[in-house]
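Encoded as structure tokens, the structure appears first; notes follow it.
Residue numbers begin at 1 in each chain, while the letters A, B, ... track the order of the sequences.
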Protein chains: 2
Amino acid sequence: MELDDRKRKILLAIIQNYQDTGEPVGSRTISKMNDLNYSPATIRNEMADLEEMGLIVQPHTSAGRVPTDKGYRLYVDHLLTNEETGLTAAEGPQLPATHMEQLLSKRMDRVEEMLMRMAQVLAANTQYTTMVTGPHYKQNKLKFIQLSAMGGGKLLAVIVLNGNIVKNNILDIGCELDQETLGHLNFSLNSNLNGLSVEEINLPLITKVKEEAGEYADIAVKVLDAVAGAFDKEDSMPVYTSGATNIFKYPELADNEKISNLINVLEEKKELGTALGVVSPDGSKQDIQVYIGDEVPVESMKDCSVVTATYQMGDGVQGKIGIIGPRRMDYQKVVETLKATMNQLDGIFKKPEE
Amino acid sequence: MELDDRKRKILLAIIQNYQDTGEPVGSRTISKMNDLNYSPATIRNEMADLEEMGLIVQPHTSAGRVPTDKGYRLYVDHLLTNEETGLTAAEGPQLPATHMEQLLSKRMDRVEEMLMRMAQVLAANTQYTTMVTGPHYKQNKLKFIQLSAMGGGKLLAVIVLNGNIVKNNILDIGCELDQETLGHLNFSLNSNLNGLSVEEINLPLITKVKEEAGEYADIAVKVLDAVAGAFDKEDSMPVYTSGATNIFKYPELADNEKISNLINVLEEKKELGTALGVVSPDGSKQDIQVYIGDEVPVESMKDCSVVTATYQMGDGVQGKIGIIGPRRMDYQKVVETLKATMNQLDGIFKKPEE
DNA sequence: GTTAGCACTCAAACGCATAGAGTGCTAACA
DNA sequence: TGTTAGCACTCTATGCGTTTGAGTGCTAAC
């Protein structure tokens, strides 16, 4: 069956009305809208067709229609491909824009705090739940290592990666080192390792570092372990969430067991990586993904939709942002907000880095 | 009216039965218990007295009795003062004990991770929600500062406090420093400030540091700001929570609005400090506090009870742990678990530190 | 192709009766 | 004097049939 223009309009009307009310939409409601001046009967005929096409359903016989996942997919795909249709993206004085600038004007140095704030702002603006992964460092390089004696047989190793990611590690070395030895170790490690990615730190290099460390070879090994740990994915991939309680606003999600499962996933954070998907290597700058209902790869989110985007932070460092909302979420607003945020981040991180 | 032994027993029976079922307890239920061989009528008389004393109430005329806050307070005070009655505290092979040792055997260096794990273990063991504040550093002293050049006009200041608390700060200094200058600054800062508490860093000292820094005085000031920031309460007081979804298990809390408010407070973490109360300066080692219902100083927790304890981490560093549960929580188990955990922490942090 | 009309369906709301748990009170009993 | 059996009473929760109303599909007329 053909999806002509009128059918498309009716589908859109159903989607928008259902977005606002959360209630199934009847033919009368549609017929009263200004740009669809047909009688309820006509609308009903069209709606029967749309149902046959699998784009809408009735929860029960005497109810109005609700968009299906397939219906939403059609709508969302249309949103994402036809740029002109509605996606003004980064333009215009949007709320997130002003908020963002305010929050970034503080020049936060710590990436984590900025990401947390970003999650909070997005959650507040969209009224949905937001999750943000910390940046991926895998492609990153070692900027420098700084060892300092802490006393009590402990050594502080500060490891700095490109993109100004700082990691602390307290190493238990069981003995005290004098300043000179420390200086030697520092120099040896830095001259051998600086500027390398974790893959480039290979066996010959490790052997060389160990040789140079002489009797302190075991300490050097511990430092190298710490370096590997600093690059470690598991550890360097914190996920920040915000606005978890926003889901309480949508009655269709208000089932206690479901909500408990969902909040549990948000608290444990383990599964969120799955929900956000993998960062596509060198994907297009603004690759926005929309997962609708059953498409969401996390069991307890199958009643929701998730919109994800990849953010860039200069130096090739990138991460993911995700918005979790009900299936009837305002996809247009969410996509626009995400695009605007991505653009802003791009702008901010291009200036000071290059 | 006198609270004789039989009345006390009946109160206890009501409390325990209500703990298990969450339903109001009737006279018949009590009379069937082995150690209270009286007819329901007798029990009813006693219950009427207990109600008159304000220790129990009926939700409605034809319902059983439920303990009041006052009834719980009596019970809890009795628990906490009469040590023999039931509080075996740290002894015995409790679940938390074995868990704790497992998790601490990993020798986690990072305090935060340990605290998070502790929250998780406690939440899992008690089936309630747990919150843990990071340690207070106010009384703490500066161990050393390490400045390193990061390039791009940025300086990395690593600030280490007593108790091996490490704070990173990236400072924007707008120029590059050579190694020698950096060494001077490092030396000057450390020789002047090491071993001092934040209160001891006073104006004369600051002037001296600035003088020694010469033309780099403004950089020194920035470092000092960072030091102050590292001591800052707001910043050094993260709160970790775990088991938020455990509250869904207790039907009396299952009101959607209440639960939303509660989870919101747990997510925002701002009010949790209030709930946990202030660390008493040099208070008794195991000062366990129980807040019952309306006694809880946070609005959205007034349907809950909160049990808090102060933990010690050597070097005078201490923080708070809190367990949030329904009013009918198992106070005995919670208090015992907390005492056991405190004792373990004491044991662990005394060994390696002294 | 569009629309008025109408019979039909079904969830939600409502009213009402019933069951059952639990109480307080009184009177009898040890 | 303390304990208990008996009984009337209260109030919630449950179940059930009815009503209401929103919305549909279909048919026939325009």
Nearest heavy atom decides the nucleotide; on that basis, is P40(B) or G26(A) closer to the 5' end of DNA chain D?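 The 5'-side residue here is P40(B).
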Which residue, E46(B) or A41(A), contacts DNA chain D at a nucleotide closer to its 5' end, judged by nearest heavy atom? E46(B)
Has R65(A) got a side-chain N or O lying under 4.0 Å from the OP1 or OP2 atom of dT24(D)? yes
If only side-chain N and O atoms of R6(A) are considered, is one of them under 4.0 Å from the OP1 or OP2 phosphate oxygen of dT2(C)? yes
Counter-base of dA29(D), judged by Watson-Crick or G-U geometry with both distances under 3.5 Å: dT2(C)
Need the pair for dC8(C). Rule: Watson-Crick or G-U wobble, both distances under 3.5 Å, any strand; none if unpaired. dG23(D)
Can you tell me how far [atom2] of [N] sits from [atom1] of [X], to the nearest Å?
X      : N       : atom1 : atom2 : result
E23(B) : dT12(D) : CD    : P     : 15 Å
Y38(B) : dA30(C) : OH    : C1'   : 15 Å
I10(A) : dG23(D) : CD1   : P     : 16 Å
R28(B) : dT4(D)  : CZ    : C1'   : 15 Å
M47(B) : dA21(C) : CE    : P     : 15 Å
E52(B) : dT23(C) : CD    : C1'   : 16 Å
I43(B) : dA21(C) : CD1   : P     : 19 Å
N37(B) : dT4(D)  : CG    : C1'   : 14 Å

Geometric cation-pi criterion R6(A) and Y38(A), 6.0 Å radius, 45° cone: yes
For a side chain to side chain donor-acceptor pair (under 3.5 Å) check, start with the C-alpha distance between S305(B) and R327(B), then their side-chain angles and the critical distance, and finish with the verdict. CA-CA 5 Å; S305(B) 286; R327(B) 250 202 290 242; over 6 Å; no
Pair N261(A), K258(A): side-chain N/O donor-acceptor within cut-off below 3.5 Å: no
Would you indicate which nucleotide in [options] comes nearest to any side-chain atom of [X]?
X      : options                   : value
N45(B) : dT23(C), dT3(C), dT4(D)   : dT4(D)
R44(B) : dG24(C), dT3(D), dG25(D)  : dG24(C)
Q58(A) : dG25(D), dG24(C), dA11(C) : dG25(D)
H60(A) : dC10(C), dC26(D), dG24(C) : dC10(C)
S62(B) : dG24(C), dC11(D), dG25(D) : dC11(D)

Tell me if the side-chain of T61(A) makes a donor-acceptor pair with the base of dC10(C), cut-off 3.5 Å, by modelled atom types.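 Check fails, no donor-acceptor contact within cut-off.
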Give a yes or no on whether the ring-centroid distance for Y18(B) and Y72(B) is below 6.0 angstrom.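 Between Y18(B) and Y72(B), the centre distance exceeds or equals 6.0 Å.
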Using a 4.5 Å cut-off on heavy atoms from C-beta on, say whether the side chain of L272(B) contacts that of M301(B). yes
